[in-house]
*Asks:* 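Below you will find the structure I want to go over with you.
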Amino acid sequence: MNQLRKALPREFYDRDPRRVSRNLLGKVLVRRQGRTFLTGRIVEVEAYLGAADAAAHAAAGRTARNAVLFGPPGHAYVYFIYGNHYCFNVSCLEDGVAGGVLFRALEPLAGIAEMARQREVTVNGARDLRKLTSGPGRLAEAFGITRERDNGKDLTSNTSDLWIADDDFHVRRVLLTPRIGIAKSADLPLRYVIAGNPFVSGRTGSVLRTKRTK
DNA sequence: TACATGATGCCCT
DNA sequence: GGGCATCATGTAG
């Protein structure tokens with residue numbers, strides 16, 4: 001558990017969003033709520049490349065909403081979508097250059113009862129666990145992530161109540177697929193999932209390319 | 001000030 | 001497998 005108290009450093013996020021995406025797989029998202037810790041393993045993310053990526057919020061330039069994406073790396077970008085849901089991202093690349101990674105699915109590890117309470121669902125058996133954090137809107141709700149509370153938050157600060165840690169989990173195989181729910185640049189393989197993980201959202205999708213790691 | 005739209009999830013068939 | 005709720009944000013007028 002002590003490993004989980006240490007946030008990934010800012011340098012981790014000061015790279016191409018594609019590389020950050022690949023390396024975020026297998027890491028652990030941690031939320032501290034008083035004495036309670038909510039943790040979940042990152043099993044699915046998407047890279048958004050900024051100005052060169054038509055599907056990215058940052059593509060049309062800086063606005064009040066997307067300003068975090070243009071700021072320093074390692075900060076939370078949270079936005080409201082479809083009138084119902086929040087989506088949680090982390091900014092990448094240096095100050096002034098936009099980029100980010102969207103968190104799409106987690107595997108619940110600790111604080112499962114609290115996640116179920118915040119999602120307002122009941123969990124009976126392993127199959128129901130997918131309802132907690134399998135999907136961007138779901139994981140945000142399970143972790144209590146909102147724009148008001150978390151947008152702009154520094155995820156690398158050791159005084160934050162939201163951060164990402166490394167517990168030395170080894171990711172065996174990564175799948176690359178097109179991103180979900182977008183119209184522009186929809187064919188680019190920028191969605192990263194841990195192969196075979198049951199908590200990946202939706203269906204596996206068409207696999208464009210697979211990568212093996214040591 | 002008005003309007004179109006979306007990095008979704010849920011419920012129904 | 002498909003329809004739809006629901007509203008913040010951005011852009012046009």
Side-chain angles (χ1 to χ4, degrees), chain A residues 13 16-18 20-22 24-25 29 40 42-71 73 75-93 98-108 115-124 127-153 155 164 175-193 198-206 208:
Chain A
Y13 303 100
D16 186 294
R18 286 166 288 204
V20 177
S21 293
R22 169 61 187 83
L24 276 175
L25 289 179
L29 179 66
I42 298 162
V43 301
E44 175 183 353
V45 296
E46 285 177 359
Y48 286 86
L49 307 182
D53 179 2
H57 284 186
R62 183 179 187 140
T63 66
R65 176 173 71 152
N66 67 22
V68 174
L69 292 174
F70 291 83
H75 286 252
Y77 170 52
V78 184
Y79 64 90
F80 193 63
I81 191 72
Y82 294 121
N84 286 308
H85 309 284
Y86 288 99
C87 288
F88 170 51
N89 306 247
V90 59
S91 61
C92 300
L93 299 174
V101 176
L102 168 71
F103 294 80
R104 288 195 52 90
L106 307 173
E107 175 176 348
M115 292 181 203
R117 196 185 65 76
Q118 298 194 132
R119 287 271 297 126
E120 298 182 354
V121 298
T122 55
V123 175
N124 292 314
R127 208 183 57 185
D128 281 357
L129 280 178
R130 293 191 81 253
K131 295 192 295 193
L132 291 180
T133 54
S134 185
R138 288 172 172 179
L139 75 87
E141 189 172 41
F143 276 66
I145 294 170
T146 67
R147 179 170 177 87
E148 296 71 26
R149 181 180 178 185
D150 299 302
N151 189 53
K153 187 170 282 181
L155 301 180
I164 296 156
L175 302 183
L176 258 67
T177 83
R179 294 174 293 188
I180 308 291
I182 59 171
K184 304 163 191 162
S185 304
D187 52 334
L188 300 177
L190 294 175
R191 173 171 174 254
Y192 296 73
V193 312
F199 293 91
V200 169
S201 72
R203 51 192 74 252
T204 311
S206 59
L208 298 186

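Predicted model only: the values in this text are computed from it and were never measured. Just so it is clear: chains get the letters A, B, ... in the order the sequence lines come, proteins before strands, and each one is counted from 1.
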*Asks:* Let me know the distance between CG of A/Leu139 and C1' of B/dT8, rounded to the nearest Å.
*Replies:*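 The answer, rounded to whole Å, is 12 Å.
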
*Asks:* What are the two closest heavy atoms between A/Ser185 and A/Ala55, and how far apart are they?
*Replies:*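 Distance-wise, the nearest heavy atoms are OG-N, 4.1 Å.
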
*Asks:* What is the distance from OH of A/Tyr48 to C1' of B/dG6, rounded to the nearest Å?
*Replies:*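 Answer to the nearest Å: 11 Å.
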
*Asks:* Looking at A/Ala59, is its backbone amide N or carbonyl O close enough to the side chain of A/Asp53 to form a donor-acceptor pair, meaning the two atoms are under 3.5 Å apart?
*Replies:*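 Not at all, since once roles are kept as given, no pair shorter than 3.5 Å links the two residues.
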
*Asks:* In whole angstrom, give the distance that lies between atom CD of A/Glu46 and atom C1' of B/dT8.
*Replies:*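 Value for this atom pair: 12 Å.
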
*Asks:* For DNA chain B, just give me the dot-bracket, please: Watson-Crick or G-U, both distances below 3.5 Å, ( ) intra-strand, [ ] crossing earlier pairs, | paired with another strand, . unpaired.
*Replies:* ||||||.|||||.

*Asks:* Taking only N and O in the side chain of A/Arg104, is any of them less than 4.0 Å away from OP1 or OP2 of B/dT8?
*Replies:*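 It does, given that an N or O in the side chain of A/Arg104 lies less than 4.0 Å from OP1 or OP2 of B/dT8.
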
*Asks:* Tell me the closest heavy-atom pair linking A/Ala116 and A/Val123, and the distance in Å.
*Replies:*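 In terms of heavy atoms, the two residues are closest at CB-CG2, 3.9 Å.
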
*Asks:* Going by heavy atoms in the side chains, are A/Asp128 and A/Val121 under 4.5 Å from each other?
*Replies:*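 They are not in side-chain contact.
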
*Asks:* Where do A/Phe199 and A/Leu132 land on the side chain to side chain contact (heavy atoms under 4.5 Å, CB included) test, with the steps shown first?
*Replies:* CA-CA 9 Å; A/Phe199 293 91; A/Leu132 291 180; over 6 Å; no

*Asks:* Using whole Å, what does the distance between atom P of nucleotide B/dT8 and atom CG of A/Asn89 come to?
*Replies:*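 After rounding, the reported distance stands at 11 Å.
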
*Asks:* For A/Gly100 and A/Leu69, work out which heavy atoms get closest and say how close.
*Replies:*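 Heavy atoms only, the tightest pair is CA-CD2, 4.3 Å.
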
*Asks:* Within the structure provided, determine whether A/His75 and A/Tyr13 are in side-chain contact (heavy-atom separation under 4.5 Å).
*Replies:*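 No, every pair of side-chain atoms sits at 4.5 Å or beyond.
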
*Asks:* Whole-Å distance between B/dG6 P and A/Arg179 CZ?
*Replies:*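 In whole Å, B/dG6 P lies 14 Å from A/Arg179 CZ.
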
*Asks:* When you check every protein heavy atom under 4.0 Å of nucleotides 2-13 of chain C, what one-letter string (B, S, -) results, 5' to 3'?
*Replies:* ---BBBSSS---

*Asks:* Need to verify one output field. Residue with the more 5' nearest nucleotide on DNA chain B, A/Pro136 or A/Lys184?
*Replies:*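 Looking at DNA chain B, the more 5' nearest nucleotide goes with A/Lys184.
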
*Asks:* Is a side-chain N or O of A/Arg147 found less than 3.5 angstrom from the main chain of A/Cys87, in a donor-acceptor match?
*Replies:*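 Not a single qualifying donor-acceptor pair exists.
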
*Asks:* Do A/Tyr86 and A/Ile81 pass the side chain to side chain contact (heavy atoms under 4.5 Å, CB included) test, and can you show the C-alpha distance, the side-chain angles, and the key distance before you say yes or no?
*Replies:* CA-CA 6 Å; A/Tyr86 288 99; A/Ile81 191 72; over 6 Å; no

*Asks:* Whole angstroms only, please: what is the CZ-C1' distance between A/Arg138 and B/dC11?
*Replies:*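 To the nearest whole Å, that distance equals 12 Å.
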
*Asks:* Of the non-hydrogen atoms in A/Leu139 and A/Phe103, which two are nearest, and what is the gap between them?
*Replies:*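 Closest pair (atom of A/Leu139, atom of A/Phe103, distance): CD2-O, 3.4 Å.
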
*Asks:* Residues of residues 50-58 of chain A with any non-hydrogen atom less than 4.0 angstrom from an atom of DNA chain B: list those, numerically ordered, please.
*Replies:*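 When residues 50-58 of chain A is checked for heavy atoms under 4.0 Å from DNA chain B, the hits, listed by number, are A/Ala55, A/His57.
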
*Asks:* So, taking the atom named NE2 in A/His57 and the one named CZ in A/Arg65, what distance separates them when rounded to the nearest 0.5 Å?
*Replies:*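 Those atoms lie 4.5 Å apart.
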
*Asks:* Using atom OH of A/Tyr79 as one end and atom P of B/dT5 as the other, report the distance to the nearest whole Å.
*Replies:*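 Roughly 18 Å, once rounded to whole Å.
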
*Asks:* For A/Ile182 and B/dT8, give me the distance from atom CD1 to atom P, rounded to whole Å.
*Replies:*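 Interatomic distance, CD1 of A/Ile182 to P of B/dT8: 9 Å.
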
